[in-house]
Number of protein chains: 2
Amino acid sequence: MTDRKDFTIGWLARRTGCKVQTIRYYEQIGLMPEPPRSDGNRRLYGAEFADRLNFIRHSRDLGFSLGAIRELLSLAENPDQSCAAADKLARTHLQDVNSRIARLSALKTELERMSQQCSGGKISECLVIEVLADHSKCVSDEHQTA
Amino acid sequence: MTDRKDFTIGWLARRTGCKVQTIRYYEQIGLMPEPPRSDGNRRLYGAEFADRLNFIRHSRDLGFSLGAIRELLSLAENPDQSCAAADKLARTHLQDVNSRIARLSALKTELERMSQQCSGGKISECLVIEVLADHSKCVSDEHQTA
DNA sequence: CCTAATATCTACAGTAACTGTAGGAGCAAG
DNA sequence: CTTGCTCCTACAGTTACTGTAGATATTAGG
């Protein structure tokens, strides 16, 4: 236990693809726990820190806010209680996810169409700019993300 | 042709679904031009401002940065030149769009599965948390080992 | 062992893209 | 004319980082 393998913050950063400052920032805002320190005051991380950080990074990557991640983490830390709260969180997020997918798919279509038609052409033929200028040309339904 | 068709910033905000402060912010950073003012120093907007603001808002909504929008706007203002630059911008964005759609689709699957399985259950059965904790459980096409 | 390079430490400033607030002035209605 | 809304400027706060400065710690080389 005392001679358990501990690694530096740099190791954790390389391990998770997260920047060193970001790790310290997560610790500062209480999203990552304070790790033990070495004699020279360096943070000493084990594999469990990498797991938690991967959880956070993956969630961020998929569009969850730090606040939502904080909630998910607290739920994940008490796996015996009902997951009604997690379910509600997930349902709320699902609506946003669906909306984003729809709008991104519409944009994807236009971006691809442009790449075919636009090569060497003029901007007046670029559908992308028309699509971006005129909301009604968009294929998706109107949805406001706050 | 700018004689009697001028409206307040509030009108423009309602017209475009953009907050008043955000409009003033866009003016401040040079994304929206300075409109004429009334005797009482109020900004006076016409329809062309709504068009430009809709372009900006829609682009933002679809994930373009203000920097990219600034470029697109300058390109849109010179529609006679080649759109190679706009094409390059669009292609770059397309890669990101595709990546986001893939990851969001994977999350959507898990969120939906959770909503079915999770009702009244325990968190330990929630796949969402597992998916978010472990990248390799993600359904997306690329399997990454962390 | 000493030194130079690198990594880490704290603390704080800056970024993007807004959002909110304070305090004052304009204007339309009752 | 006063109430109440909108607008004005200016600036502080937010989220989620990212970068910088100056000091200390560790490590690789001579």
Using whole Å, report how far [atom1] of [X] lies from [atom2] of [N].
| X | N | atom1 | atom2 | result |
| --- | --- | --- | --- | --- |
| A/Q21 | C/dC9 | CD | P | 11 Å |
| A/I23 | C/dT8 | CD1 | P | 9 Å |
| A/D6 | C/dT8 | CG | P | 14 Å |
| B/Q28 | C/dT19 | CD | P | 14 Å |
| A/W11 | C/dA7 | CH2 | C1' | 16 Å |

Any chance you could measure [X], atom [atom1], to [Y], atom [atom2], to the nearest 0.5 Å?
| X | Y | atom1 | atom2 | result |
| --- | --- | --- | --- | --- |
| B/E48 | B/D51 | CD | CG | 7.5 Å |
| B/S74 | B/I69 | OG | CD1 | 12.5 Å |
| B/I9 | B/Q21 | CD1 | CD | 9.0 Å |

NA contact type, [X], heavy-atom cut-off 4.0 Å: base, sugar-phosphate, or nothing?
| X | answer |
| --- | --- |
| B/R14 | nothing |
| B/I9 | sugar-phosphate |
| A/R24 | base |

**Study point:** Plane angle bin for A/F49 and A/Y45 - parallel if under 30°, tilted between 30 and 60°, otherwise perpendicular
**Key:** perpendicular

Report the residues that fulfil side-chain contact (heavy atoms from CB on, under 4.5 Å) with [X], sequence neighbours left out, ordered by chain and then residue number.
| X | answer |
| --- | --- |
| A/S105 | A/I101, B/I101 |
| A/S38 | A/R42, A/L44 |
| B/R37 | B/E27, B/N41, B/R43 |
| A/A68 | A/F64, A/S65, A/L89 |

Give me, pair by pair, the N or O atoms of the protein and of nucleotides 22-27 of chain C that are less than 3.5 Å apart, along with how far apart they are.
unit_1	atom_1	unit_2	atom_2	d
C/dG26	O4'	B/R42	NH2	3.4

Review point. Stepwise, does the side chain to side chain contact (heavy atoms under 4.5 Å, CB included) test hold for A/I56 with A/T16?
Key: CA-CA 10 Å; A/I56 295 169; A/T16 59; over 6 Å; no

Practice item. Go through the structure and list residues passing side-chain hydrogen bond (donor to acceptor under 3.5 Å, both in side chains) with A/R60, not counting sequence neighbours. Key: none

**Study point:** Any residue meeting side-chain hydrogen bond (donor to acceptor under 3.5 Å, both in side chains) with B/Y26, in chain and number order, not counting sequence neighbours
**Key:** B/R57

**Study point:** Of B/L66 and B/K19, the one whose closest DNA chain C nucleotide lies more 5'
**Key:** B/L66

Point to revise | B/Y25 vs C/dA16: side-chain N/O to OP1/OP2 distance below 4.0 Å | key: no

Revision key, fill the gap. Outermost contacting nts on DNA chain D, any atom under 4.0 Å from chain A heavy atoms, listed 5' then 3', are D/dA16 to D/dT26

Nucleotide N/O to protein N/O under 3.5 Å, stretch nucleotides 2-5 of chain C:
none

